[in-house]
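Heads up: the structure comes next, in structure tokens.
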2 protein chains.
Amino acid sequence: MKSLVSRCPIEEVMQLLSGRWPTLLIYYLKQGTKRFSDLRRDNPTISHKMLSLELRKLEDAGIVERTEFQGYPLRVEYELTPAGHRLVPLIDALGAWWEATSEADMQANTANGESAVAKVSRPD
Amino acid sequence: MKSLVSRCPIEEVMQLLSGRWPTLLIYYLKQGTKRFSDLRRDNPTISHKMLSLELRKLEDAGIVERTEFQGYPLRVEYELTPAGHRLVPLIDALGAWWEATSEADMQANTANGESAVAKVSRPD
DNA sequence: AGTAAATTACGCACCTTTTTGTAACCACGA
DNA sequence: TCGTGGTTACAAAAAGGTGCGTAATTTACT
């Protein structure tokens with residue numbers, strides 16, 4: 001996010017979305033405003049360090065907005081920006097593509113013994 | 001790629017597409033059939049290890065088809081499967097979203113001194 | 001003729017770099 | 001002392017790079 005001045009936009013989005021967490025967080029945030037601890041509850045396997053790192057990355061990219069409420073047990077809320085909301089359907093489309101592809105594979109593999117996909121497949 | 005039996009499809013696509021190479025390789029392969037050495041020339045910074053690893057991953061996912069031609073020097077060709085071709089516009093859409101988002105950010109930042117995006121931005 | 005080198009698409013072993021996890025700490029006030 | 005959101009230092013794990021070996025045939029020297 002620093003020395004790479006400007007490359008192909010696809011490379012840049014993928015750098016943002018790569019990894020387990022970004023899309024997951026977007027998924028939960030599209031449900032509405034969430035606090036740090038909400039997001040940890042939503043996804044118990046993320047460490048708090050990762051969560052704050054990933055949230056900051058999304059914030060820097062302008063797809064998540066962070067709002068800090070002064071007060072005793074400090075409260076911070078996260079929500080998708082308009083740009084973030086515009087990203088959601090694109091991610092969903094990828095998920096749908098994957099589902100369709102997997103199903104097609106299944107069908108092809110159950111339909112006939114030698115699938116059309118594996119022509120010169122390596123020996124293994 | 002092994003113990004995770006079945007999760008959210010979005011997590012699975014992202015696992016496939018995460019990293020620098022998968023989308024780049026898809027980008028070059030959408031131009032047509034390519035050989036291993038072609039792809040290395042297209043992208044000189046990938047090591048042969050990474051290239052073969054990534055190609056195998058895409059092959060296993062059913063979005064790239066590998067064809068081996070016997071003979072010496074052994075020749076191998078790679079091309080997108082129909083599923084792979086169906087994925088291309090989705091990736092392009094992500095790139096377009098990123099471009100649009102970046103431009104909007106620029107405009108917002110040049111238009112008025114205090115951008116609408118940075119409300120409670122941390123001190124840095 | 002005979003040997004050597006180059007070619008292609010890798011696999012493997014070793015090593016470095018990057019990413020991620022763990023744990024401890026900070027501030028504040030109920 | 002607990003809970004909040006976060007940072008830092010250190011350790012572990014994962015990702016990635018380098019270089020060598022392999023195949024069978026052609027070409028390149030000697």
Side-chain angles (χ1 to χ4, degrees), chain A residues 1-4 11 14-25 28-29 33-61 64-79 119-124, chain B residues 1-4 11 14-25 28-29 33-61 64-79 119-124:
Chain A
M1 202 77 78
K2 26 179 71 79
S3 59
L4 298 165
E11 267 189 273
M14 289 318 295
Q15 184 166 328
L16 174 66
L17 299 181
S18 281
R20 297 171 58 188
W21 309 120
T23 52
L24 251 195
L25 295 180
Y28 284 113
L29 284 170
T33 298
K34 296 265 185 178
R35 302 178 49 180
F36 191 86
S37 44
D38 292 333
L39 290 168
R40 289 215 64 192
R41 262 185 293 278
D42 286 336
N43 207 107
T45 61
I46 194 173
S47 69
H48 62 246
K49 176 187 170 184
M50 269 301 105
L51 182 53
S52 78
L53 248 43
E54 297 291 328
L55 283 172
R56 167 124 40 224
K57 193 170 75 173
L58 296 178
E59 192 197 349
D60 290 345
V64 160
E65 182 176 339
R66 180 193 132 102
T67 314
E68 213 173 277
F69 294 91
Q70 247 64 28
Y72 336 108
L74 172 64
R75 196 157 68 87
V76 181
E77 287 187 352
Y78 296 91
E79 63 186 314
K119 273 177 61 179
V120 198
S121 62
R122 71 193 67 250
D124 272 317
Chain B
M1 202 78 78
K2 30 175 70 78
S3 59
L4 298 165
E11 268 190 272
M14 289 319 295
Q15 185 166 330
L16 174 66
L17 299 182
S18 281
R20 297 171 57 187
W21 308 120
T23 52
L24 251 196
L25 295 180
Y28 284 113
L29 284 170
T33 299
K34 295 266 184 177
R35 302 179 47 181
F36 190 86
S37 44
D38 292 332
L39 290 168
R40 291 214 63 190
R41 261 185 295 276
D42 287 336
N43 207 107
T45 63
I46 195 173
S47 69
H48 68 260
K49 175 188 170 184
M50 270 301 106
L51 182 53
S52 78
L53 248 41
E54 297 291 329
L55 283 172
R56 170 117 40 207
K57 193 169 75 172
L58 296 177
E59 192 196 349
D60 289 346
V64 160
E65 181 176 340
R66 181 191 131 103
T67 315
E68 215 172 276
F69 295 90
Q70 245 66 27
Y72 301 88
L74 173 64
R75 196 158 66 88
V76 181
E77 287 187 352
Y78 297 90
E79 63 186 315
K119 273 176 59 180
V120 198
S121 63
R122 71 195 65 247
D124 271 315

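Residue numbers start from 1 in every chain, and the chains themselves are labelled A, B, ... in the order their sequence lines are given, proteins ahead of strands. Treat the numbers as computed from the prediction; the structure is a model and nothing was measured.
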Which whole-number value in Å describes the distance from [X] [atom1] to [N] [atom2]?
X	N	atom1	atom2	result
L53(B)	dA13(C)	CG	P	14 Å
R20(A)	dA14(D)	CZ	P	11 Å
L25(B)	dA9(C)	CG	P	14 Å
R66(B)	dA9(C)	CZ	P	10 Å
W21(A)	dT19(C)	CH2	C1'	13 Å
L51(A)	dT8(D)	CG	P	17 Å
Q70(A)	dG5(D)	CD	P	13 Å
R75(B)	dT26(D)	CZ	P	16 Å

Inset, instruction - Could you work out which one of dG17(D), dG11(C), dG16(D) sits closest to the side chain of S47(B)? - result: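 Nearest to the side chain of S47(B) among the choices is dG17(D).
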
Inset, instruction - Among the candidates dG11(C), dT20(C), dG17(D), find the nucleotide nearest to the side-chain atoms of K49(A). - result: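 The answer is dT20(C), which lies nearest to the side chain.
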
Where do [X] and [Y] come nearest, in terms of heavy atoms and distance?
X	Y	answer
Q15(B)	K57(B)	O-NZ, 3.9 Å
F69(B)	L74(B)	O-CD1, 3.5 Å
L17(B)	T23(B)	O-CG2, 4.5 Å

Inset, instruction - Report yes if a donor N or O on one partner sits less than 3.5 Å from an acceptor N or O on the other, where the partners are the side chain of H48(A) and the base of dG21(C); otherwise report no. - result: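 No pair found.
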
Within the structure, does a side-chain N or O atom of [X] lie under 4.0 Å from either OP1 or OP2 of [N]?
X	N	value
R35(A)	dT4(D)	no
R56(B)	dG11(C)	yes
S37(A)	dG3(D)	no

Legend entry - Approximate separation, where rounding is to 0.5 Å, of L24(B) CG and E54(B) CD: 10.5 Å

Legend entry - Residue whose closest nucleotide on DNA chain C lies nearer the 5' end, L74(A) versus M50(A):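 Looking at DNA chain C, the more 5' nearest nucleotide goes with M50(A).
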
Inset, instruction - Write down the distance separating the P atoms in dA24(C) and dT1(D), rounded off to the nearest Å. - result: 16 Å

Legend entry - Lys/Arg N to Asp/Glu carboxylate O, D38(A) vs R41(A), below 4.0 Å: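 A salt bridge links D38(A) with R41(A).
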
